[in-house]
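Below: one structure, written as structure tokens.
Values reported hereafter were calculated over all heavy atoms of this structure, with side chains retained and with hydrogens, waters and symmetry mates removed. These numbers come from a predicted model, not from an experiment. Residues: numbered from 1 along the sequence shown.
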Amino acid sequence: MIAPMSEGAALLLVILLGFLPTEVWRALAVIAGRRVEEGSAVFHWVRAVATALLAAVVARLLFAPTGALAEIPLMLRLGSVVAGVAGFLLVRRSVFAGVVVGEIVLMAGAYWLHG
């Protein structure tokens with residue numbers, strides 16, 4: 001039988017196996033990114049890939065949610081996205097405002113539905 005881990009050992013394991021490997025790649029990306037000229041083909045490609053990944057995550061959350069989000073109807077999820085985009089556009093293209101408005105609509109709708 002395996003002996004239980006102490007809290008400190010578990011935290012160290014999370015840092016060594018979870019945090020550090022991703023930090024290496026982030027650091028390498030920062031170093032490589034310094035050499036990329038804004039407006040270059042590589043810059044446009046990286047930006048397009050990042051945008052596509054973000055769009056894929058949003059689409060998955062909208063159309064194939066898991067957990068508690070799966071209990072919220074599709075129309076409410078879509079309505080919160082529309083409200084978020086409207087908030088973004090109305091408050092001088094503020095991402096923060098868009099996220100806050102979308103979250104408020106989603107939470108209010110979920111509260112209204114599930115009381």
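There is no path of hydrophobic side-chain contacts, each under 4.5 Å, that joins Val101 to Val95. In the hydrophobic cluster analysis, where Ile, Leu, Val, Met, Phe, Trp and Tyr join through side-chain heavy atoms closer than 4.5 angstrom, Leu90 is grouped apart from Leu106. Under the 4.5 Å side-chain contact rule for hydrophobic residues, Val99 and Phe96 do not share a cluster.
Listed by first and then second residue, the salt bridge (Lys or Arg N to Asp or Glu O under 4.0 Å) pairs involving residues 90-106 amount to none (not counting sequence neighbours).
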Considering only distance and modelled atom types, tabulate donor-acceptor pairs under 3.5 Å from the side chains of residues 62-88, sequence neighbours left out.
| residue | atom | partner | partner atom | Å |
| --- | --- | --- | --- | --- |
| Arg77 | NE | Leu62 | O | 2.8 |
| Arg77 | NH1 | Ile72 | O | 2.3 |
| Arg77 | NH2 | Leu62 | O | 2.7 |
| Ser80 | OG | Arg77 | O | 2.7 |

May I have the list of side-chain donor-acceptor pairs in residues 24-43 shorter than 3.5 Å, sequence neighbours left out?
| residue | atom | partner | partner atom | Å |
| --- | --- | --- | --- | --- |
| Arg26 | NH1 | Glu23 | OE2 | 2.9 |
| Ser40 | OG | Glu37 | O | 2.8 |
| Ser40 | OG | Phe43 | N | 3.2 |

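For Ile15, the side chain to side chain contact (heavy atoms under 4.5 Å, CB included) criterion is met by Leu11, Phe19, Leu20, not counting sequence neighbours. For Val14, there are no side chain to side chain contact (heavy atoms under 4.5 Å, CB included) partners at least two apart in sequence or on another chain.
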